[in-house]
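Lettering follows sequence order; numbering is per chain, from 1.
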Amino acid sequence: MHATAQQPKVLILASEACAYPGANAVGQAHQAYSDHAYILRAPSPALFPPQFYLDCLDQGFAGIIIMSCGVECPYEGAYQVLAQRVDQAYQLMKTRGLDLRRLRLTAICTVCNRAFLNEVNQMTRLADEIGPARDAETAQAA
Amino acid sequence: MNHAPENHYDALVVGGGIAGLQAALDLAEQGFRVAVVEEDASVGGKMIRLSKVFPTLDCASCITTPKMAAAAHHPRISLLTYSRLAGLERAGGGFAARIERKARFVDEDQCIGCRQCEYACPVLLPDADQGGFAARKAIYIPFGNAIPQVALREEENCTFCGKCEKVCPTGAVDLLQQPQEISLTAEAVVLATGFRLMTDYPNRAYGPAARQPNLITSLQMERLLAPHGPYMRVLRPSDGKEPDSVAFIQCAGSRDLNLGVPYCSRVCCMYAIKQAMLLSGALPLADLTVYYLDIRAFGKNYEQFFQNAKAMGVEFVKAKPVVVGSTAEGAVRLRYEDQEGGGGGQEREHDLVVMSLAVLPAAELDPTGLGVGLGADGFLGSVSPKLAPPLTDQEGVFAAGTALGPKDIVDTIVEAGAAASQAAAYLAARRAAGRAAA
Amino acid sequence: MSQDRPNNHPEPKVGVYVCHCGGNISDQVDVEQVARQAAGLPGVTAARHYSFMCSDPGQQMILEDLTSGRVDRVVVASCAPALHETTFREVLRRAGLNPYLYEHANIREQVSWVHHGPGATAKATALVAAATAKARELAPLMPIRVAATRHATVIGGGVAGLTAALDLAARGVEVALVETTPFLGGNLALLDRTFPTNEAAADLLTGLARRVLAQERISLYTCARLTGFSGYVGDFHLSLSQAPPRDDETLERLARFGEPGPECQPFRGVLPVAPPNAERRIELNTGAVVLATGFRHYQPPEGEYGYRQSSRVLTLPEFIALMAAIPAGQPLAFEGSPVASLALVHCVGSRQIPGIHEPPPGRELNQHCSRVCCTASLQAAGEARERFPETTIYELYRDIRSYGRGHEDYYLKASRSGVVFARFNPEDPPRVEADDSGDNPLKVTVKDTILAGEELELGVDLVVLAVGMEPGPVAELTQLMKLPQGADGFLQEVHPKLRPVELASGGLFLAGTCQAPMDVGEAASAAAAAAVKAAGLVTRGQVELEPFVATVDLARCDGCGDCVAACLREGALTLIETAAGQKARVEPALCLGCGVCVAACPAEAIQVAGWSLPQFRAMVQAIAQSGAEQGGQA
Amino acid sequence: MGQTPFIEVNQAIVESGGVDLNACMQCGLCAAVCPWREVAGEFLPRLMIRQGQLGLEGYESDDVLFGCTTCNKCVINCPREVDIIGVMRAMRSLVVESGGAPETLKAVLGSCHANGNPWSEPREKRMAWSEGLEVPAFTPDKEHLLFVCCTSCYEQRSQKIARSLVELLNRAGVSYGVLGPEQNCCGESVRKIGDEALFQKLAKANLEMFQAHGVKKIITTSPHCLQTFSRDYPALGGEYQVIHSSQLLAELAAAGRLPLSASDGRKVAYHDPCYLGRHGGVFDPPRAAISACGVQVVELEREKEFSLCCGGGGGRVWMETPPEQRFSLLRVQEAAAAGAQVLATACPYCVSLLEDSRKTAGLEDLRIMEISELLAENLG
């Protein structure tokens, strides 16, 4: 088996209106990226409470990219709320001693192929470098 | 799936390609009852036979099958496949249609599409739906995603061995089935009879040298590229070699007064670019060349698609080449004048050459017998090309898609919606008039 | 999480169906293995794979499992959900099950098209596991039914707007036709004759305007601007602000009109009714909105091909108007002097290429082809040669795109009439310079690619720029209505083939050149297609909405009001008094489904139906564990 | 420094008869089908038309402008149905008018002026070919005028064509007669060379003569005369029923009026002359005539409208072409490779050039024959 537990995974939470179709556009263009990046779609990532991200890291993900529509968000005001939520998540991460680079908020549109690839490639590289958060935490504890 | 048609419909749609299906769906969504008559054994038309479609590179099946399925499952649509409109006359302010249901030699209602007959049949024939590159049986289901999934038997080549009859689990095979004629009435007719591709190479231009196996039609290339194509990969027909160099000859028949096709066929530039792009994925090392007169990438996002192809390394040569022969290795020899690259006569060889052949009016463009007026180009004519292209000169008869001239899929689908809109307005006005009279 | 399930719910039976997509998926993903792995997941009672799940036999396969009772909820792993999610939901409906007991795994666009080798299979397996985990958490959802107002609003009074309004009215729909100017006719009014029929644009518009004014179901609002937009499909609320025209250009144009009526004045348009003389606010309830906001011509920046540096550089519409103003039999003249030769330049503001063309300050490049300018240029050039045979005409083009019905004839006719063509590469565009030395005031230099790139110097009296099409000025509208735009700035349909005239938000439709460049016939067809879709929606009397809105678990809600404070949509969330105390309440037709309230709730009492946090947690867990399990098995 | 178009030249070409000059959309198919590609020649019709459209230099040099053999292959394929030959003719006429014709062609034109034939032979010797044969003079009671091409009147090898034909006509009892030295060249090549005034003069003289003698039907030995009489003369006021000898021979053979032995077992390939085939659309009668004497017909790959020009049209028959650029050389080699013993054709120019190339190629075993010659050999 190629994929093993050792290879750190990246979770992408993509907005249904922009970032998720944006990821599909990358697929239509057959532009490859790491197969350890997993994309889940959500109406708006603003629905996740800050603790949710920490739970994901605890599950074994090395990094999370929140891909929203940015200011183009179809839900007026949701992006601003989302940005606040992510700030709160950073606060929580700090108190836990987690590398803040593990969580990124970004805006991806339906045709942002290059931006999408940049984000994913950066995060997967980081994940390869620093490994899953759970392991890092364990190492720190030891 | 409604196999048994009823006696009366609001609209009769002739042609079950993408235009006919879309018009039928839009009419049915307005609450009208629609019968679709399709000559072929499956609905889906030319589109279902394509590989992927420009400019999104969606697979054609993925876009066509939902519409095929939606029409097949729609409570207000009846699909009459393998049937032709044998006659139509005006009756009682509407139309009375005679429809010939050709003999499938398989009972449509009993066939479950299990293909046992197909597996048992000993006769092998070239499969036209695979560009003639693959074989099929004398009794067969047209293709994987055909609707309906019902077998049919080709009469000329059947040996009457009776194996199909024996293996059929439902007793659906009926070797003596006769064509049936049914009658129905409708208030409006939508002609979506589509197009045909120039069947032979334009011989006067390309000479006897044009008859060679590695010179293929654009529809054959669609099959070579299709995910469920004959070879599952792109191989050239003469010897099964992976071509190292593929060329496209644009305007092969189109924009040619000499060949009686003065018009632009409108889709060839884009499908050649698309095929070249798909080939660059299938054969990353192959040289790809498009010989063209003008690149007509005029639709939404088409120009960007063309520029992408250029950036990917597809070579575009402005020239109208002729086929002068073949090499001992089977490559096709082309000759052309190099206008941009320094001028002069040039000769080049390509392992495989695709002719982007002209789009012609369908053989039975107007099967109504009403004598719907034609345009100068031989396609159905419109009496209001600027404000309502689907309006024909016959009251109650509307047209859509390539029956009204060459057209890409996007424009066809939009125009089918327009035809439905105009037919719906016509039907609504008739109803209102009927109510007023009553 | 499964412990959250009330005891009276039976254990879900999930069917997993993996699509080959005829090789699109199966060439990269071992679909058999994906299905095999899925079969071992908890709750899975059937796991199959097939070449085309979306095809009739594919759907039949699912249907049989559902009707036989083998499965009661479905996961299909195939292409992007945008393509087939509704297809498969429909299968559940046909089987008599709730269509929302369905989850889609995207293993084409996000797996087989971007990953190769065993990693692709592993990722597909994980995504199927996640979808299955979510499927187990799904609950039946009831669609929200909203009464649809039998009324539609068309924004834009050009040929597309007029056509859409007429077609809607013909279907028995009440229509509000909204136009920002006092005039009808849009850009078509600025044309002389249309190709390929040579009908006068003014005649076409007069005909349309007559029918619009005679149609009782159409209410016309000119000089009206959309100032408010709320509501939802079937029941939108529009605020319009009507005001007397004030800008000089409009007033000047108005001054030349006599009595209002349907007659179209060439190059001016139709003044259907007198403009309002006082400001007025209009509130409309409407079931659907058709956008027909049209295009505007590209305005070349100063200096592009000498534009605005020489008064002798005109745009094609200006040139057409110039010709139309010259009496029959008179020679072509400009500013009093005869025009012995002119050059017509194609692709101005169209087909711009990054790296070759410079975007004007603060603007994007127009990478698109404007579709109609080639034939329009050929028509103008052919007509000019016919009327003014003494004038030499050069057409400088990149590709001649006379694609449409009858268009190629214009190319032939222009050629035969003696128009001299030269073909340039975008890298070497023609240069326009003032020329004091020669016989003509302007010199155009062009590298002619059909002459092996030799440079030609053309002395001309006039340069005509075939300017392209850009989206109309819709910034305000796109912001107000949240309309999606493509990279080219035109409004973006859901899918060019599946839903070519619809916007992603329900009840909004596209007609004509607000979507992409089109000629008149194409715009009219697009308008008719939009009208038939809108009519289908509003004539049914009610609209079914997706049920993905916030729902409150009353048992958990303690009425703290945090969700109400967080809610972005006025009126969607309120606090009500119940027997069990203060509770949050959702107005489903207004709820956006954004989920901002979900994160705000301290008790996790509010969830977006179909997108609940427990469902997300189940998916995250499944993905997190997927590799580990497989790693263990391998 | 760029070039400045000289649109007056464009207009002059159009006014000189190149009416389709501007209809060309520059696809280049003409250049791709042109026989000059077979020998890597520089003659490129599309480029010439481009230069003509813009009035730029390049097309008017001797080698290029007088390269066209007027074989018609480009014309029948042109997607815009441009009369490319007409454009070439108009371009040449502008040069010829100003005295710029190539030297060899000047001699041809001069001879036509002075002698009524292009071969620089005296008018009186026009009937030399008929010496020793019974050739009736044309009188109003005769059905056909036999119009023998200047080439077959004067050129030695070609005289055999005319002699064979009269032998066949006499045996079949055809009612025909000839006119004597007052006859002029039909003017076909003269017109293609670009001397329109001379063509008009020759045609007028012939028309007056036909009129004076009451001619109604004409048999031509050359497809070039055939085309001129049937396509060009009507515009000048002379309508005649014109038939090429091969067509008449096919009719006579079919009617059993020719006592042919049907036992010639040789392998015969037929070379379609451009003016009979592509210009005239006559493809089957010559083949029928050949078949009448029991030969084995070998079809060449480039047959009928795809036929390879011999290189003699458009005045080229009088111009010097280096052996490596002769289409006729390719043609005899093609015939030999196909196993033909006889390469039959139906045009004096073709016979002349194919015969030359046969010698150049050293193909001792291949005979070049006009159809009349082949049939005459098989008279029983």
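Your options are B:A297, B:A424, B:P389, and the one with the most heavy-atom pairs under 4.5 Å with chain C is B:A297. Contacts with chain B were tallied for C:D409, C:L537, C:T194; C:T194 has the most, counting heavy-atom pairs under 4.5 Å. No other option in B:P390, B:S421, B:P55, B:C264 has as many heavy-atom pairs under 4.5 Å with chain C as B:S421. When the candidates B:L257, B:I413, B:L427 are compared by the number of heavy-atom contacts under 4.5 Å with chain C, B:I413 comes out ahead. Between chain B and the options C:H368, C:R351, C:H495, heavy-atom pairs under 4.5 Å are most frequent for C:R351. Chain C forms more heavy-atom pairs under 4.5 Å with one residue of B:A69, B:P66, B:G405 than with any other, namely B:P66. Among B:Q307, B:E337, B:Q422, B:Q22, the residue making the largest number of heavy-atom pairs under 4.5 Å with chain C is B:Q307. For the options C:V501, C:T87, C:L204, C:T539, heavy-atom pairs under 4.5 Å to chain B are most numerous at C:L204.
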Task: side chain to side chain contact (heavy atoms under 4.5 Å, CB included) assessment of B:Q149 paired with C:Q60 - done: CA-CA 11 Å; B:Q149 283 282 309; C:Q60 199 60 35; over 6 Å; no
Task: Trace of the salt bridge (charged side-chain N to carboxylate O under 4.0 Å, His left out) decision for C:R540 with B:E29 - done: CA-CA 9 Å; C:R540 259 175 263 147; B:E29 282 300 292; 3.3 Å; yes
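Both the backbone and the side chain of C:S402 come within less than 4.5 Å of a heavy atom in chain B. Residue contact with chain B, scored on non-hydrogen atoms closer than 4.5 Å, involves the side chain of C:L412 exclusively. Interface residue C:Q59: only side-chain heavy atoms are found under 4.5 Å from chain B. Proximity to chain B is absent for every atom of C:Q352, based on heavy atoms less than 4.5 angstrom apart. Looking at C:P496, the atoms closer than 4.5 Å to chain B (heavy atoms on both sides) sit in the backbone and in the side chain alike. Only the side chain of C:N425 comes within contact range of chain B, judged by heavy atoms closer than 4.5 Å. Of the atoms belonging to B:I141, not a single heavy atom falls under 4.5 Å from chain C. Contacts between C:L208 and chain B at a heavy-atom distance below 4.5 Å involve the side chain alone, from C-beta outward. At a 4.5 Å heavy-atom cutoff, the contact between C:V159 and chain B is made by side-chain atoms alone. For C:I353, the part lying near chain B is the side chain, with the backbone staying farther off; criterion is any non-hydrogen pair under 4.5 Å. With a threshold of 4.5 angstrom between heavy atoms, B:F54 approaches chain C through N, CA, C or O but not through any side-chain atom. For C:H20, no part sits under 4.5 Å from any heavy atom of chain B, backbone or side chain. With a 4.5 Å cut-off on non-hydrogen atoms, B:Y426 does not touch chain C at all. Heavy atoms closer than 4.5 Å to chain B are found nowhere in C:P517, neither backbone nor side chain. Contact annotation for C:H407: neither backbone nor side-chain heavy atoms come within less than 4.5 Å of a heavy atom of chain B.
The heavy-atom pair separating C:R171 from B:A428 by the smallest distance is NH1-CB, 3.5 Å. The two residues B:P385 and C:T197 have their closest heavy-atom pair at CG-CG2, 3.4 Å. Smallest separation of non-hydrogen atoms from B:A418 and C:S525: CB-O, 3.4 Å. Considering every non-hydrogen atom in both B:E303 and C:C369, the closest pair reads CB-N, 3.8 Å. The nearest pair of heavy atoms linking B:Y292 to C:D399 is CE1-OD1, 3.7 Å. Considering all non-hydrogen atoms of both residues, B:L387 and C:T163 come closest at O-CG2, 4.3 Å.
When side chains are defined from C-beta on, B:R296 counts as touching C:R401, because their heavy atoms get closer than 4.5 Å. Contact check for C:K497 versus B:T56: side-chain heavy atoms found under the 4.5 Å cut-off.
Looking only at distances, a side-chain donor or acceptor of C:R405 sits under 3.5 Å from a matching main-chain atom of B:L404. In this structure, B:K67 contributes its side chain and C:L498 its backbone to a donor-acceptor pair below 3.5 Å. The main-chain N or O of C:E522 is never found under 3.5 Å from a side-chain atom of B:K386 such that the two would form a donor-acceptor pair. Within the 3.5 Å criterion, the main-chain N or O of B:R255 finds no donor-acceptor partner in the side chain of C:E408.
Note that CG of C:N24 and OG of B:S51 are 10.0 Å apart. Values are rounded to the nearest 0.5 Å. In this structure, CG on B:N308 lies 9.0 Å from CD on C:Q367, to the nearest 0.5 angstrom. Atoms CG and CD, on C:L451 and B:E340 in that order, are 11.5 Å from each other to the nearest 0.5 Å. In this structure, NZ in B:K318 is found 6.0 Å from CD1 in C:I450, a value given to the nearest 0.5 Å. Of the inter-residue distances, the one linking B:D411 atom CG with C:Y403 atom OH reads 7.0 Å to the nearest 0.5 angstrom. Annotation: the span from C:R93 atom CZ to B:H73 atom NE2 amounts to 13.5 Å, rounded to 0.5 Å.
Exactly one of C:M518, C:R371, C:E493 qualifies for a side-chain contact (heavy atoms from CB on, under 4.5 Å) with B:K300. That residue is C:E493.
In C:R94, the CZ atom is crowded: over 12 heavy atoms of neighbouring residues, nucleotides or ligands sit closer than 6.0 Å.
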